[in-house]
Amino acid sequence: MTNEEIEMTFTSCETMQKLCEEVMPVNGSDFNLQKIKEVYEKLLEFAVPDKKEKFLTWMEKYDFWKTPASTRFHGNFESGLAVHTLQVIYQSVKFARPLLSDFLKTRLSEKWSFTFQDIFVAALSHDFCKADTYEINYRNTKDYTGNWVKKLYYKTKEDSRNLGHGNESVLRLLEVDSSYINNRPLLEAVSRHMGFSDLSGIEEINYSNFLENPLVLLLQTADQTAAAWYGN
């Protein structure tokens, strides 16, 4: 990558960070979904205008806007996936300059190149596997007065079919636009964003090779900090 390309990538990430800040930070389930949708549209228009409608169509089809981000952990509320994903996008573009600038000083930098579009799409699609995966159920529990009430919770659909968290998200990204099949660094970032927690035994053998890919580490860092620091 040339110095000009590098600086263009970081400058674009900083522009995207400012767009995210129109609705950030989000504290738990206290948010305005319509405003969040508007920010997503601005991000898509800025980063991938030619694919904007493809992404929005897919997100509507799979109920991205209403799906929780988990059943028990971060974002386990209606629209939690949209909130969590936006936080991951925000973390990714915030960390891009410091993390990737450090990487570019290493001997590995000659092997890799990336764009701000890659950073954005990786963060946007990293949890596509969760869209339309959960369903609402109810359990009996006692309220603060000791009376039994029905409490809403989310559970994974019984007929859910998943080829692994990261790999399923890769497949869904390719469903949006099959041309991403030629972007190996981007697909590796999405596939390996869960680290060791989403690997089979055979995949663990060469996992360290994927850590050479700076997008893998950037997305892992963004995802973990979004969940652990912000609870989204």
Side-chain angles (χ1 to χ4, degrees), residues 1-2 5-6 8-10 12-13 16 43-44 47-48 51 54-55 58-59 62 64 69 81 84-131 133 161-228:
M1 298 176 68
T2 66
E5 290 171 333
I6 292 168
M8 183 181 299
T9 294
F10 292 156
S12 296
C13 284
M16 294 177 74
L43 293 172
L44 286 161
V48 286
K51 303 180 191 297
K54 288 184 178 182
F55 275 106
W58 187 94
M59 292 158 83
Y62 285 97
F64 177 88
L81 179 58
H84 168 68
T85 300
L86 185 60
Q87 187 73 57
V88 173
I89 293 170
Y90 184 55
Q91 299 297 96
S92 294
V93 295
K94 263 197 310 187
F95 294 151
R97 186 183 287 273
L99 191 153
L100 297 177
S101 290
D102 195 50
F103 169 78
L104 290 168
K105 298 174 184 176
T106 72
R107 59 179 177 79
L108 293 173
S109 62
E110 295 181 359
K111 294 175 57 178
W112 300 91
S113 63
F114 47 82
T115 66
F116 84 95
Q117 289 96 339
D118 295 335
I119 295 168
F120 169 71
V121 172
L124 173 65
S125 64
H126 81 285
D127 271 353
F128 271 6
C129 63
K130 296 179 178 180
T133 295
R161 303 173 70 87
N162 194 301
L163 294 176
H165 189 100
N167 290 334
E168 187 71 25
S169 290
V170 166
L171 289 177
R172 291 189 168 201
L173 173 60
L174 294 176
E175 185 178 341
V176 174
D177 192 316
S178 61
S179 68
Y180 285 118
I181 193 68
N182 297 313
N183 192 331
R184 178 80 187 209
L186 167 59
L187 298 185
E188 286 184 1
V190 176
S191 175
R192 294 295 183 258
H193 80 270
M194 291 286 288
F196 280 103
S197 65
D198 191 40
L199 298 177
S200 67
I202 192 66
E203 288 174 322
E204 290 180 2
I205 295 173
N206 69 344
Y207 175 67
S208 61
N209 293 335
F210 290 102
L211 298 182
E212 293 185 356
N213 180 346
L215 295 181
V216 170
L217 285 175
L218 177 62
L219 187 55
Q220 285 182 5
T221 302
D223 187 32
Q224 291 176 20
T225 55

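Hydrogens, waters and symmetry mates are skipped; everything else that's a heavy atom, side chains included, is used.
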Asks: Judged by atom type as modelled, is there a donor-acceptor pair below 3.5 Å linking the side chain of Gln220 to the main-chain atoms of Arg192?
Replies: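 Pair found, side chain donor or acceptor close to backbone of Arg192.
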
Asks: Leu99: what forms a side chain to side chain contact (heavy atoms under 4.5 Å, CB included) with it, not counting sequence neighbours?
Replies: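 Checked Leu99 against side chain to side chain contact (heavy atoms under 4.5 Å, CB included); matches are Leu218, Thr221.
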
Asks: Who are the side chain to side chain contact (heavy atoms under 4.5 Å, CB included) partners of Ile181, not counting sequence neighbours?
Replies: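 With neighbours one apart ignored, the set is Leu174, Leu187.
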
Asks: Mark yes or no for whether Ser101, through its side chain, and Pro98, through its backbone, hold a donor-acceptor pair below 3.5 Å.
Replies: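 Looks like no, no N/O pair under 3.5 Å.
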
Asks: List in chain and number order the residues that pass ring-ring contact (aromatic ring centres under 6.0 Å, His included) with Phe114, two or more places apart in sequence or in another chain; answer none if no residue qualifies.
Replies: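 Here no residue qualifies.
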
Asks: Using side chain to side chain contact (heavy atoms under 4.5 Å, CB included) as the criterion, list what pairs up with Ser178, not counting sequence neighbours.
Replies: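 With neighbours one apart ignored, the set is empty.
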
Asks: Between Leu43 and Leu86, is any pair of side-chain heavy atoms under 4.5 Å apart?
Replies: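 They are in contact (side-chain heavy atoms under 4.5 Å apart), so the answer is yes.
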
Asks: State, with a plain yes or no, whether a side-chain heavy atom of Ser113 is found less than 4.5 Å away from one of Glu5.
Replies: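 Contact flag for Ser113/Glu5 side chains = no.
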
Asks: Applying salt bridge (charged side-chain N to carboxylate O under 4.0 Å, His left out), name anything that partners Glu175, two or more places apart in sequence or on another chain.
Replies: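 Listed in chain order: Lys61.
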
Asks: Sequence neighbours excluded, which residues qualify as salt bridge (charged side-chain N to carboxylate O under 4.0 Å, His left out) partners of Asp223?
Replies: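 Testing Asp223 for salt bridge (charged side-chain N to carboxylate O under 4.0 Å, His left out), a comparison that skips the adjacent residues, returns none.
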
Asks: Once side chain to side chain contact (heavy atoms under 4.5 Å, CB included) is applied, do any residues pair with Arg107, and if so which ones, sequence neighbours excluded?
Replies: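 With neighbours one apart ignored, the set is empty.
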
Asks: How would you list, by chain and number, every residue that makes a ring-ring contact (aromatic ring centres under 6.0 Å, His included) with Phe120, sequence neighbours excluded?
Replies: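 Phe120 satisfies ring-ring contact (aromatic ring centres under 6.0 Å, His included) with no residue once adjacent residues are dropped.
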
Asks: Enumerate the salt bridge (Lys or Arg N to Asp or Glu O under 4.0 Å) contacts for residues 112-122, please, sequence neighbours excluded, ordered by first and then second residue.
Replies: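 Passing the test, one end in residues 112-122: no pairs.
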
Asks: Taking only residues two or more places apart in sequence, or in another chain, which ones meet Lys105 in a salt bridge (charged side-chain N to carboxylate O under 4.0 Å, His left out)?
Replies: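 By the salt bridge (charged side-chain N to carboxylate O under 4.0 Å, His left out) rule, Lys105 matches no residue at all.
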
Asks: Name all residues meeting the side chain to side chain donor-acceptor pair (under 3.5 Å) criterion together with Asp102; count only those two or more places apart in sequence or in a different chain, and write none if there are none.
Replies: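 Here no residue qualifies.
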
Asks: Counting distance only, does the side-chain N/O of His84 pair as donor-acceptor with the main-chain N or O of Leu81 below 3.5 Å?
Replies: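 Flag not set: sc His84 to bb Leu81 has no pair under 3.5 Å.
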
Asks: Indicate yes or no for a side-chain donor-acceptor contact from Ser169 to the backbone of His126 under 3.5 Å, with no hydrogens or angles considered.
Replies: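 Yes.
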
Asks: If the condition is ring-ring contact (aromatic ring centres under 6.0 Å, His included), which residues does Phe128 pass it with, not counting sequence neighbours?
Replies: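 For Phe128 the ring-ring contact (aromatic ring centres under 6.0 Å, His included) partners, ignoring immediate neighbours, are Trp58.
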
